[in-house]
Peer 1: 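Following this message is one structure expressed as structure tokens.
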Amino acid sequence: MAGSSAAALSLENVARRFPSKARGSALFTAVEALSFEVRSGEFVALVGPSGCGKSTILNLVAGLDRPSEGVVHVSGEPVRGPNTHVGFMLQKDLLLPWRSIRRNVEFGLEARPIGRGERTARVERELRRCRLTELADRYPHQLSGGQRQRAALARTLAIEPDLVLLDEPFSALDAQTKLLLHRSFARTIVASGVTTLLITHDLSEAVTMADRILVMSERPGRIVEEIEVGLPHRDDPIARASLPRARELMAHLFHSLHLDDRVDA
Ligand SMILES: Nc1ncnc2c1ncn2[C@@H]1O[C@H](COP(=O)(O)OP(=O)(O)OP(=O)(O)O)[C@@H](O)[C@H]1O
Ligand SMILES: [Mg+2]
């Protein structure tokens with residue numbers, strides 16, 4: 001049921017159509033017939049081909065865009081505009097270059113009615129959780145790409161969101177940094193207990209981090225498959241990656257997305 005108390009997020013029969021470029025022609029359907037729920041505390045990954053509407057869905061959930069049909073609920077409330085209880089992280093960290101890491105983490109709290117003591121406590125807690133205490137007085141340009149993404153996560157968690165949306169936050173990083181950051185994010189997210197929706201093209205990332213994976217079709221994007229991951233080590237993607245079931249799931253996803261019979265890139 002949409003808005004049921006256990007669901008942190010629910011989409012009910014959601015479609016998003018955009019005006020078509022060609023004048024007078026039919027609307028362009030980015031996504032349609034989308035219904036799914038994310039339970040409180042769950043980590044769900046959304047995978048699908050480029051252009052199938054993944055970022056469109058995140059924008060609808062964050063309240064940055066409105067569905068053409070259907071309804072989105074966050075924490076049981078219909079989304080009617082930008083939602084301050086939702087944290088959003090992108091490939092680009094969007095840290096403010098003139099602020100120290102500590103002041104960047106604090107940024108989202110400044111517009112909220114939170115006392116100074118509580119604000120400082122939250123900032124220090126997230127810096128610790130994201131292993132940034134030692135780097136807190138540095139500026140963004142003095143950090144590596146992985147450290148910057150950890151700072152962006154700390155800033156996102158400091159607002160104590162009901163839901164965190166991650167739109168390919170690891171995709172600009174090299175393979176090794178990415179693996180380490182997967183583990184760092186998984187630990188932080190598990191420790192905070194926050195509900196998470198991750199968009200990724202990286203199938204191994206989906207399998208090693210998520211509790212459940214939703215697979216989307218080519219445009220117009222629909223959910224074509226739902227996979228319960230059911231693997232141990234929620235907080236250790238590197239340990240998960242070597243499990244036989246993880247490899248099976250990756251092979252299965254590879255097949256589901258028709259990557260085995262595509263030759264173009
Ligand atoms: N504001 C907009 N106006 C018109 N078309 C749009 C708009 N936003 C997205 N689209 C179109 O909707 C489709 C889905 O876009 P979206 O960015 O959601 O895809 P995606 O799955 O995130 O792709 P990628 O994996 O490449 O990031 C695309 O064809 C895109 O061009
Ligand atoms: Mg996208």
Side-chain angles (χ1 to χ4, degrees), residues 9-36 38 43-72 74 79-83 86-94 145 149 152-153 156 163-173 175 178 181-182 185 196-210 212-227 250 253-265:
L9 166 66
S10 78
L11 278 77
E12 201 181 351
N13 208 22
V14 165
R16 179 64 172 108
R17 305 183 207 287
F18 293 108
S20 202
K21 280 195 197 104
R23 276 186 100 205
S25 64
L27 291 173
F28 164 93
T29 301
V31 293
E32 67 180 359
L34 278 177
S35 297
F36 69 87
V38 180
F43 190 136
V44 170
L46 198 56
V47 301
S50 188
C52 74
K54 303 179 295 297
S55 297
T56 300
I57 294 174
L58 253 54
N59 287 333
L60 296 173
V61 173
L64 303 174
D65 188 17
R66 296 271 189 122
S68 313
E69 287 164 30
V71 53
V72 179
V74 172
V79 174
R80 295 207 175 89
N83 189 336
V86 174
F88 206 160
M89 246 192 88
L90 308 171
Q91 180 178 336
K92 210 166 161 352
D93 58 59
L94 304 178
Q149 285 304 65
L153 181 64
T156 305
L163 177 65
V164 168
L165 305 174
L166 305 174
D167 195 347
E168 305 194 50
F170 312 109
S171 59
L173 302 164
K178 201 173 175 179
L181 205 61
H182 285 164
F185 265 53
T196 306
L197 183 60
L198 166 75
I199 287 184
T200 180
H201 280 110
D202 181 336
L203 304 182
S204 119
E205 186 171 298
V207 168
T208 59
M209 295 188 77
R212 193 152 54 96
I213 302 171
L214 303 175
V215 183
M216 290 181 69
S217 64
E218 298 263 3
R219 191 178 61 77
R222 292 161 173 256
I223 309 279
V224 289
E225 194 178 355
E226 181 183 332
I227 298 169
M250 279 178 230
L253 279 170
F254 204 77
H255 187 67
S256 284
L257 290 163
H258 305 291
L259 295 174
D260 39 4
D261 46 48
R262 280 178 58 168
V263 287
D264 55 327

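Start at 1 and go down the list; that is how both ligands and their atoms are numbered.
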Peer 1: Taking S35 for its side chain and N13 for its backbone only, find out whether a donor-acceptor pair lies under 3.5 Å.
Peer 2: yes
Peer 1: Are any of the heavy atoms in E168 under 4.0 Å away from ligand 1?
Peer 2: yes
Peer 1: Can you tell me the protein heavy atom closest to atom 8 (N) of ligand 1 and the distance?
Peer 2: F18 CZ, 3.4 Å
Peer 1: Quick check: does S55 put an N/O/S atom under 2.8 Å from the Mg ion (ligand 2)?
Peer 2: yes
Peer 1: Between Q149 (side chain) and P169 (backbone), is there a donor-acceptor pair under 3.5 Å?
Peer 2: yes
Peer 1: Can a non-hydrogen atom of M216 be found less than 4.0 Å from any atom of ligand 1?
Peer 2: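 Per 4.0 Å heavy-atom rule, M216 does not contact ligand 1.
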Peer 1: Are any side-chain N or O atoms of K178 and backbone N or O atoms of A172, one a donor and one an acceptor, separated by less than 3.5 Å?
Peer 2: no
Peer 1: Any protein heavy atom at under 4.0 Å, with atom 25 (O) of ligand 1 as the reference point?
Peer 2: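 Yes.
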Peer 1: Are the side chains of S171 and D202 in contact, using a 4.5 Å heavy-atom criterion?
Peer 2: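 D202 vs S171: side chains apart.
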Peer 1: Taking 4.0 angstrom as the limit and counting only heavy atoms of R219, give me the atoms of ligand 1 inside it, by number and element.
Peer 2: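 So the answer, numbered in order with elements, is 29 (O).
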Peer 1: Does G48 offer a backbone N or O that forms a donor-acceptor pair with the side chain of K54 under 3.5 Å?
Peer 2: yes
Peer 1: What protein heavy atom sits nearest atom 11 (C) of ligand 1, and how far off is it?
Peer 2: F28 CE2, 3.6 Å
Peer 1: Closest non-hydrogen protein atom to atom 13 (C) of ligand 1, residue and atom name please, with distance?
Peer 2: G51 O, 3.6 Å
Peer 1: Looking only at protein heavy atoms, which one is nearest to atom 16 (P) of ligand 1, and what is the separation?
Peer 2: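 Going atom by atom, the protein heavy atom closest to atom 16 (P) of ligand 1 ends up being T56 OG1, 3.6 Å.
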Peer 1: Are any non-hydrogen protein atoms located under 4.0 Å from atom 30 (C) of ligand 1?
Peer 2: no
Peer 1: If I compare all heavy atoms of T156 with all of G87, which pair ends up nearest, and what's the gap?
Peer 2: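 Answer, listing the atom of T156 first, then G87: CG2-CA, 3.6 Å.
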Peer 1: Among all protein heavy atoms, pick out the one at the shortest distance from atom 17 (O) of ligand 1; state its residue, atom name and that distance to 0.1 Å.
Peer 2: S55 CB, 3.7 Å
Peer 1: Would you mind reporting whether L165 and V86 have side-chain heavy atoms less than 4.5 Å apart?
Peer 2: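 Contact flag for V86/L165 side chains = yes.
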Peer 1: For G53, take its heavy atoms, then give the atoms of ligand 1 lying under 4.0 Å from any of them.
Peer 2: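 This gives 14 (C), 16 (P), 18 (O), 19 (O), 20 (P), 21 (O) as the contact atoms.
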Peer 1: Any idea which heavy atoms bring S217 and P220 closest together, and the distance?
Peer 2: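 That closest heavy-atom pairing would be OG-O, 3.5 Å.
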